[in-house]
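Residue numbers begin at 1 in each chain, while the letters A, B, ... track the order of the sequences. Not measured: the values here are computed from a predicted model.
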Protein chains: 2
Amino acid sequence: MQAAIGSGARSSAPTLEMVAREANVSRATVSRVVNGSPKVSPEVARAVNAAIAKLNYVPNRAARSLASRTSGAIALVIPEDTTRFFGDPYFSAIVQGIARRLDDSEYLLNLLVPTSDPSRKTMRYLKSGVVDGALIVSHHEGDRSLRDAAREIPMVFGGRPPNVDESVVFVDVDNLEGGMTAAERLLAIGRKRIGTITGPLDMPAAVDRLAGFRQSMETAGLPADAVEEADFSVAGAIAATRRLLDRVPDLDAVFVASDLMATGTLAVLRERGRRVPDDVAVVGFDDSPAATSSAIPLTTVYQPSEEMGFLMADLLVRLLAGEPVPHRNIMRTRLVRRQSA
Amino acid sequence: MQAAIGSGARSSAPTLEMVAREANVSRATVSRVVNGSPKVSPEVARAVNAAIAKLNYVPNRAARSLASRTSGAIALVIPEDTTRFFGDPYFSAIVQGIARRLDDSEYLLNLLVPTSDPSRKTMRYLKSGVVDGALIVSHHEGDRSLRDAAREIPMVFGGRPPNVDESVVFVDVDNLEGGMTAAERLLAIGRKRIGTITGPLDMPAAVDRLAGFRQSMETAGLPADAVEEADFSVAGAIAATRRLLDRVPDLDAVFVASDLMATGTLAVLRERGRRVPDDVAVVGFDDSPAATSSAIPLTTVYQPSEEMGFLMADLLVRLLAGEPVPHRNIMRTRLVRRQSA
DNA sequence: TTGTAGGCGTTATCAC
DNA sequence: GTGATAACGCCTACAA
């Protein structure tokens with residue numbers, strides 16, 4: 001379909017100029033049509049569009065970018081070990097949602113995977129104008145520089161960054177509510193000695209889930225001392241679960257802060273001969289594929305990961321279009337009952 | 001560190017012109033220094049570099065791209081359901097390797113996630129000059145158009161595409177050897193009724209692993225009829241394993257074509273009360289994190305996923321630099337013994 | 001070795 | 001509404 005003339009096809013791509021000639025108008029007019037300017041007469045617009053179709057014209061991104069001082073690209077920043085990032089279905093879903101939203105926009109998605117010195121190189125990059133905006137997923141307390149950059153380049157965070165002010169836009173779920181939901185399920189089925197495996201406590205999501213858990217326990221008049229911190233990885237969860245069982249042998253339920261980690265917890269429970277949910281009930285978090293593919297289907301707290309990604313991208317696109325957008329975008333969680341609790 | 005002058009910082013970025021003035025040379029000379037041209041006297045180069053440092057100059061990508069007719073970007077094409085793609089540790093590792101290689105190059109990585117009509121839109125995009133080259137991972141028989149595009153834009157495939165000719169460059173592991181390795185382990189521990197769960201048989205990798213398996217079985221004088229096809233997903237593996245067990249009740253070993261799928265197989269075996277490896281031995285493929293985080297650590301066929309990604313990016317970068325590169329890049333596999341076989 | 005000058009394909013600011 | 005005419009920032013012959 002593409003007018004592939006030998007090997008030089010790419011370099012001889014049709015230009016605005018050629019379209020203008022073909023339609024007997026000026027370049028300016030073609031530009032207006034291409035950019036959907038309202039002040040173009042219908043007939044002329046038709047003629048131009050015909051010429052565009054005939055020549056199979058596609059605007060040159062570099063030229064447009066140079067003249068307009070925008071890049072038409074958005075950065076997806078992953079300040080985390082890639083393997084862990086992509087290995088967690090939660091993030092996969094977010095990326096999926098982002099891609100889906102961007103698919104029918106003009107924006108390109110640039111993958112930014114800071115390796116060694118995250119902040120400095122990444123910041124330079126973000127400020128360099130290579131991208132018009134940035135999407136930041138997962139971030140620890142240390143990423144203060146990234147958060148501050150929100151004043152220089154439009155960005156949207158996935159998950160509430162620490163110490164937010166009005167200048168940062170983020171999408172998150174109500175992790176406090178999520179933690180309470182999990183604890184309440186465990187209480188509802190009559191468990192008394194309930195523990196929890198948390199995420200890294202320098203991450204707000206992990207802190208909030210724990211806080212929700214504690215709150216429910218307190219309300220129920222139960223101690224909330226059976227807490228072990230992990231790092232959202234399977235290996236970390238395995239170690240934490242072992243510590244927890246050693247310390248609290250009479251544990252009869254546990255809330256694990258991510259489904260992926262819960263698979264590790266299930267493995268340890270099995271190795272220790274504890275039946276799930278009979279001896280120890282387990283509630284996860286995410287409702288990711290890990291929840292259903294585990295040995296025992298997980299009862300878990302659903303969070304709309306894919307939609308969160310979609311919303312993140314949507315907010316950024318609107319931000320770039322100059323529209324005002326809400327700063328706090330909190331999505332709701334809900335319990336999904338399966339077999340583990 | 002960046003000379004942030006109010007809010008207009010980004011738009012007032014230093015240009016070649018300004019550097020030239022600062023160093024008392026022409027723009028051409030600065031350009032030469034920036035692009036590492038050999039024909040610049042040391043003193044002048046020093047002066048220019050000093051000016052660059054002083055002004056904190058960074059070349060404008062759009063302008064460079066427009067003038068040089070290259071984009072400085074590479075596309076990572078994922079012709080697959082994103083969730084499945086990112087959910088598989090094998091792909092995560094490849095992306096990791098790619099990012100690592102590209103990190104100390106000038107190239108940007110563009111994520112291309114074709115949603116609806118893969119070939120046409122993607123092809124248009126690739127040919128449009130938005131990227132200088134492309135990296136293609138995972139692909140089914142249908143992606144003929146993508147493969148043909150290799151003549152128009154430099155690309156490197158991860159995994160051997162179907163019906164390759166000399167024009168396509170790819171990185172792959174010796175899947176035939178891998179299949180044999182797996183089968184031989186099972187034979188070595190004395191199993192007689194050995195089956196296999198394959199990947200989608202429109203993927204060369206799946207076909208080759210099966211062929212290797214069959215070859216070893218034949219050599220051993222054993223039947224290779226206990227074969228069930230799956231799709232590299234956990235859910236698919238679970239279904240396939242159930243079919244296999246129903247059809248071949250006396251199965252005493254199974255080679256599963258990916259670790260991720262093997263976790264599904266383990267779950268089914270457990271649900272059917274078969275002990276692993278006592279009743280049924282299991283060998284996986286990949287040696288991904290899934291292999292060690294599963295309930296029973298998997299004996300598996302290691303493939304250097306991260307290195308494959310690194311090599312893919314490396315080959316493409318060299319290709320773009322005009323260097324000749326080998327077309328077939330086959331990496332070796334090896335058995336990793338753990339508990340499942 | 002270094003400088004000059006033209007052009008890369010768009011957008012944007014003016015007049016008309 | 002439409003059309004000239006500058007930029008936008010850099011690369012690259014070609015000259016010097």
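- Rounded to an integer number of Å, the gap from CG of B/Leu16 to P of C/dG7 is 19 Å.
- For B/Lys39 and D/dC14, the NZ to C1' distance is 11 Å, given to the nearest whole Å.
- Under a 3.5 Å cut-off, the side chain of A/Ser305 and the backbone N or O of A/Ala93 do not form any donor-acceptor pair.
- Checked by atom type and distance alone, the side chain of A/Asn35 pairs as donor or acceptor with a backbone atom of A/Ser31 at under 3.5 Å.
- Residue A/Thr29 places its side chain closer to D/dG3 than to any other of D/dC11, C/dT11, D/dG3.
- Distance from the side chain of B/Asn35 is smallest to D/dC11 among D/dC10, D/dC11, C/dT10.
- Counting only heavy atoms from C-beta on, B/Ala28 has its side chain closest to D/dT12 among C/dG6, D/dT12, C/dT11.
- Rounding to whole angstrom units, CZ of residue A/Arg46 and C1' of D/dG1 are separated by 15 Å.
- Checking D/dA6, C/dC8, C/dG3 against every side-chain atom of B/Arg32, the shortest atom distance belongs to C/dG3.
- Here the shortest heavy-atom pairing between A/Glu22 and A/Ala51 reads CG-CB, 3.5 Å.
- Taking atom CZ on A/Arg21 and atom P on C/dG9, their separation rounds to 11 Å, with Å as the unit.
- For C/dC8, the OP1/OP2 oxygens have no side-chain nitrogen or oxygen of B/Arg69 closer than 4.0 Å.
- Comparing atom distances between the B/Ala67 side chain and each of C/dG7, D/dA4, D/dC8 picks out C/dG7 as nearest.
- Nearest heavy atoms, B/Pro304 versus B/Met331: CG-CB, 3.9 Å.
- One atom, CZ of A/Arg27, and another, C1' of C/dC8, lie 12 Å apart when rounded to the nearest Å.
- The side chain of B/Val40 has C/dT2 as its nearest neighbour among D/dG1, C/dT2, D/dC11.
- Heavy atoms of B/Val34 sit nowhere under 4.0 angstrom from any nucleic acid atom.
- A/Arg64 has a side-chain polar atom (N or O) that falls below the 4.0 Å cut-off from OP1 or OP2 of C/dT11.
- Atom CE in A/Met18 sits about 9 Å away from atom P in C/dG9, given to the nearest Å.
- Summarising the geometry, the separation between OH on B/Tyr57 and P on D/dG9 is reported as 10 Å, rounded to the nearest angstrom.
- Checked against C/dT4, C/dA12, D/dC11, the side chain of B/Ser26 finds its nearest nucleotide in C/dT4.
- In this structure, B/Ser71 contributes its side chain and B/Val130 its backbone to a donor-acceptor pair below 3.5 Å.
- The 5' end of DNA chain D is approached more closely, in terms of each residue's nearest nucleotide, by A/Val25 than by the other of A/Val25 and B/Leu66.
- Nearest to the side chain of B/Thr15, among C/dG9, D/dT2, D/dG9, sits D/dG9.
- In this structure, B/Ser68 and B/Pro38 both approach DNA chain C, and ranking their closest nucleotides by distance from the 5' end singles out B/Pro38.
- Partner of A/Ile98 under the side-chain contact (heavy atoms from CB on, under 4.5 Å) criterion, out of A/Leu316, A/Leu135, A/Leu311, A/Asp103: A/Leu135 alone.
- One atom, CG of A/Asn24, and another, C1' of D/dT2, lie 14 Å apart when rounded to the nearest Å.
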